[in-house]
Amino acid sequence: MSTTQVVHTIAELRSQVAAARARGLKIGLVPTMGALHPGHVSLVAASARACGFTVVTVFVNPTQFGPKEDFAKYPRTLEADVAQVAAAGADLVFAPSVDEVYPAGNATFVEIGGVAEPLEGECRPGHFRGVATIVLKLFNIVGADVAYFGQKDYQQTLVVRQMVRDFNVPITVEVCPTVREPDGLAMSSRNVYLSPAERKQALALSRALRKTEQAVTAGERSVWKLRDVLQTELAATPEVRVQYAVVADAATLREPAELDRPCVALVATHVGTTRLIDNCLLRP
Ligand code: AMP
């Protein structure tokens with residue numbers, strides 16, 4: 001399936017999408033930063049199932065990285081990325097340069113309140129401003145009908161939904177389940193940074209989430225106690241440095257007293273110098 005085209009400019013992208021539209025095709029969009037793995041591929045496959053024309057964007061967005069974060073060393077593997085998404089049914093890969101997306105003089109950013117403020121918002125100041133800005137730009141550049149995001153970045157999905165509502169963006173947002181390694185580790189482009197020892201330590205995240213899920217299944221409804229299960233399990237691996245480990249309302253990210261509504265357990269940690277996040281939904 002080598003029919004996947006790669007374009008680098010907005011003009012080329014728009015002309016390809018316009019041609020697909022003229023053929024009556026529904027347009028699906030999968031925004032990524034590249035270094036693709038089966039988690040990303042699952043989003044492409046979901047789009048290809050539902051849409052006649054799937055656009056995958058590969059762009060390491062500088063505005064969502066903090067000054068001390070890994071923008072410069074973020075893995076860039078475009079050729080392998082194209083091969084993977086081609087096999088999953090992508091029609092077009094958009095891989096623009098930073099100058100194409102942010103030409104000199106760019107001065108507008110999207111600032112989101114509410115769900116963007118806690119957790120990642122506190123740990124990574126400016127991160128969601130960069131994410132919301134690039135996502136809105138990609139929505140406007142591509143003009144897709146449906147956009148696909150992963151549950152792996154749970155708070156990001158809430159931020160994108162908030163923006164779509166608040167700015168009346170004519171797009172449907174679909175969220176796909178987190179794809180994991182066989183041993184439970186959530187797939188992430190950043191997993192390549194982990195040494196073999198850190199790779200083992202990183203299993204504490206999915207293990208702690210699984211234990212929390214099991215406590216819910218066993219009947220625990222106190223959010224305080226569930227948070228304790230999560231934090232205690234993480235603490236058993238001291239090499240995993242926890243930034244936050246919480247149980248929150250799945251819609252607002254506020255912490256309720258009881259699991260009397262859909263909730264989500266969210267963790268953010270450092271393992272060595274690598275930042276890893278994971279989450280799982282908890283239903284009463
Ligand atoms: P990224 O390239 O990390 O910005 O991710 C691009 C998209 O892929 C985002 O919507 C992520 O949530 C999603 N994604 C990343 N990892 C996974 C995973 N393990 N399973 C499902 N989706 C994922």
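First listed ligand is number 1; within each ligand, the first listed atom is number 1. What you see is a predicted model, and the numbers here were worked out from it, not measured in a lab.
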For [atom], which protein heavy atom lies nearest, and how many Å away is it?
{"atom": "atom 11 (C) of ligand 1", "answer": "Asp153 OD2, 3.1 Å"}
{"atom": "atom 21 (C) of ligand 1", "answer": "Pro177 O, 3.5 Å"}
{"atom": "atom 5 (O) of ligand 1", "answer": "His40 NE2, 3.4 Å"}
{"atom": "atom 20 (N) of ligand 1", "answer": "Val179 N, 2.8 Å"}
{"atom": "atom 22 (N) of ligand 1", "answer": "Gly150 CA, 3.5 Å"}
{"atom": "atom 23 (C) of ligand 1", "answer": "Lys152 CB, 4.0 Å"}
{"atom": "atom 6 (C) of ligand 1", "answer": "Pro31 O, 3.3 Å"}
{"atom": "atom 4 (O) of ligand 1", "answer": "Met33 CG, 3.6 Å"}

Review point. Under 4.0 Å from any heavy atom of Met187, which atoms of ligand 1 are there?
Key: 16 (N), 17 (C), 18 (C), 19 (N)
Exercise for review: Give the numbers and elements of all ligand 1 atoms closer than 4.0 Å to a heavy atom of Phe149.
Suggested key: 10 (O)
Check your understanding: Only one of Arg207, Arg199, Lys200 clears side chain to side chain donor-acceptor pair (under 3.5 Å) with Asp183; which?
Key -> Arg199
Revision key, fill the gap. So side-chain hydrogen bond (donor to acceptor under 3.5 Å, both in side chains) across residues 49-63, not counting sequence neighbours, yields Ser47-Thr54, Asn61-Thr63, Asn61-Gln64, Asn61-Tyr102, Thr63-Tyr102
Would you please determine whether [X] falls within less than 4.0 Å of ligand 1 on a heavy-atom basis?
{"X": "His37", "answer": "yes"}
{"X": "Ala35", "answer": "no"}
{"X": "Pro38", "answer": "no"}

Check your understanding: Which other residues end up in the same hydrophobic cluster as Trp224, if Ile, Leu, Val, Met, Phe, Trp and Tyr are linked when side-chain heavy atoms come under 4.5 Å apart?
Key -> none
Revision key, fill the gap. Rounding to 0.5 Å, atoms OG1 (Thr269) and CD1 (Ile277) come to a distance of 9.5 Å
Practice item. Any chance you could measure Asn279, atom CG, to Thr178, atom OG1, to the nearest 0.5 Å? Key: 5.5 Å
Review point. Honestly curious: do Tyr154 and Val164 fall in one hydrophobic cluster under the side-chain, below-4.5 Å linking rule?
Key: yes
**Study point:** Verify same cluster id: Phe94, Ile27 (apolar side-chain graph, 4.5 Å)
**Key:** yes
Practice item. Check each heavy atom of Leu43 against ligand 1 and say whether those closer than 4.0 Å belong to the side chain, the backbone, both or neither. Key: side chain
Revision key, fill the gap. Of Val30, Val58, Val7, Asp81, the one forming a side-chain contact (heavy atoms from CB on, under 4.5 Å) with Val93 is Val58
Point to revise | Candidate pair Arg210 and Glu233, rule salt bridge (Lys or Arg N to Asp or Glu O under 4.0 Å), full reasoning | key: CA-CA 10 Å; Arg210 211 163 48 239; Glu233 185 60 35; over 6 Å; no
